[in-house]
Structure formats: C-alpha cells, structure tokens
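Down below is the structure, laid out as structure tokens.
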Amino acid sequence: MADDSVPVVAVDGPAASGKGTIARRVAQALGYHYLDSGALYRLVALKALRDGVDPDAPDGVAALARALDVAFDGDAVRLDGADATDAVRAEDVSAAASRVAVHAPVRAALLARQRAFRRPPGLVADGRDMGTVVFPDAAAKVFVTASAQERAARRQRQLRENGIDVNIQSLLRDIQQRDARDAGRAAAPLRPAEGALLLDTTNMTIDAAVAAVLAAVRAAGAGAGGRSIRG
Ligand code: DC
C-alpha cells in the first residue's frame, strides 16, 4: 500500500534528456527507491507488439496494461516471467511506447502500479507526468531538458557504445516526433509541474545536474529520512 507521507522526488522531462541517469543517481545518493515509469509504457508497448495488438487502439492496449505481468529487479525488467531489459530499449518499442502512452485508459491502468513504488524511506520517480499527475504532492519536482540536437547526439553515442551506428538526422527526427506526441497529447501531456526546478542539461555534466537536484531536495526539506545526502 502506497504511503502518502513517504517523500517523493519527481524527475520529468523529454526523451534522452538525461533524466533517467540523474534520477538513478539521486535515488542512490538518498538511499531512496527508484521508479522508471517509462519502462512500464515500454513494457505495455512490447506486449502489444508481441501479441499483435494495435498500439493505437485504446481499449485493446488498456486491457493489456491492466493484466500486465511485470517485475522489476534493480535495472532489469521482466515481462511474462522472461527478461525484457534489452527488448524494451529497442527503437520500435520506444516509438510504440509513445503511441500507447497517448491513451487515457492506458495511463489510468498504470497509475496504481506507479504509486505502489512509494515506500519508505522515499522514492525518486522518473517520467513525463510524475510531478503533474502521478505524484502531485511530491516534495521536490524537477524538469530536465536539453536541446533536441544534443539529445540526438547523446542517443547516437549510447547506440555506438553498443556497436550500433545510426544516422543522427534520423535520431533527431525520432526525438522530435516523440516530443511532439508526448507534449501534444490530451492525457497528461509533457510539461513542467508548477514550481518545478528547470534543469537544462545541454551544457551541464551529470555530476552538476545531480548536485542541483540534491540541493533542491534539501531545500524542500526532504531526504532526511533516507541515508545522508552525498552529492
Ligand atoms: O522515458 P522513456 O523514454 O522510457 O518513455 C517511453 C515513452 O513512455 C515516452 O515516449 C512517453 C511515455 N511515458 C509517459 O507517457 N509517461 C511517463 N510517465 C513515462 C513515459
């Protein structure tokens, strides 16, 4: 059962902004739990692709989301009992995740699963609507951005490290398409929560971004329930 007195740090932002890395590091420094909410949308998308369900069909996808058999184990995710950590990161799954995330019934189906991650001593939640919809009472809210060009370059570097060479223009186009869909949808569109700390990481190191988030958490008076803050 989620406990509303448990502090939440909400880290939202567009694809490849660095929010995942920042949120994980902040969770580690605070000794908090970590929720990668994007992984849930990716798992729904993967399940839809595998089962031949149209990602653009709200009712079919919502039914999958409600019945989703998933497990999180550190950075690993399992779908229907089998490891899906790499599968959910594939480009076709990324694109389908952004499409299934448009549907309000799909988002509603995932709400309770996300809130269940709120456990002592605290939670760092990473996504698009953590501060606006899922945890509107979060103790600290951060909105991480970076220019689309920089995000495409980061994605390209990441793929190269895995031996995959992808044209930067096509990555840029994908990122811009996902941004438009995530920000333009009617249900929980991507936007900074009221009072969120805006963090543009285009010219910022991860260390500096993590330090800025930890300072915001401290200023909000959260973080004391976990381990001592290392920044
Ligand atoms: O953060 P990510 O790239 O893993 O997210 C994948 C997709 O899921 C993204 O295109 C939008 C969607 N998403 C969402 O709508 N709400 C969230 N809280 C997290 C992700």
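We count ligands from 1, going down the list as the structure has it; atoms in each ligand are counted the same way.
- Looking at Arg42, Arg155, Arg173 one by one, the single match for salt bridge (charged side-chain N to carboxylate O under 4.0 Å, His left out) with Glu91 turns out to be Arg155.
- By the 4.5 Å side-chain criterion applied to Ile, Leu, Val, Met, Phe, Trp and Tyr, Leu198 is assigned to a cluster that also includes Phe143, Leu190.
- Listed by chain and number, the hydrophobic cluster partners of Leu159 are Ile164, Val166, Leu171, where partners are ILVMFWY side chains within reach of under 4.5 Å, directly or through others.
- At a 4.0 Å heavy-atom cut-off, the residues surrounding ligand 1 are Lys19, Ser37, Gly38, Tyr41, Arg42, Ala97, Ser98, Ala101, Arg107, Gly127, Arg128, Asp129, Met130, Arg178, Asp182, Arg185, listed by chain and number.
- Using a 4.5 Å cut-off on side-chain heavy atoms (C-beta onward), Ser17 and Arg151 make contact.
- Gln158 places no side-chain N or O within donor-acceptor distance of the main-chain N or O of Arg154, the cut-off being under 3.5 Å.
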Which pairs would a plain distance check flag for residues 59-70, meaning a side-chain donor or acceptor within less than 3.5 Å of a matching protein atom at least two apart in sequence or in another chain?
none

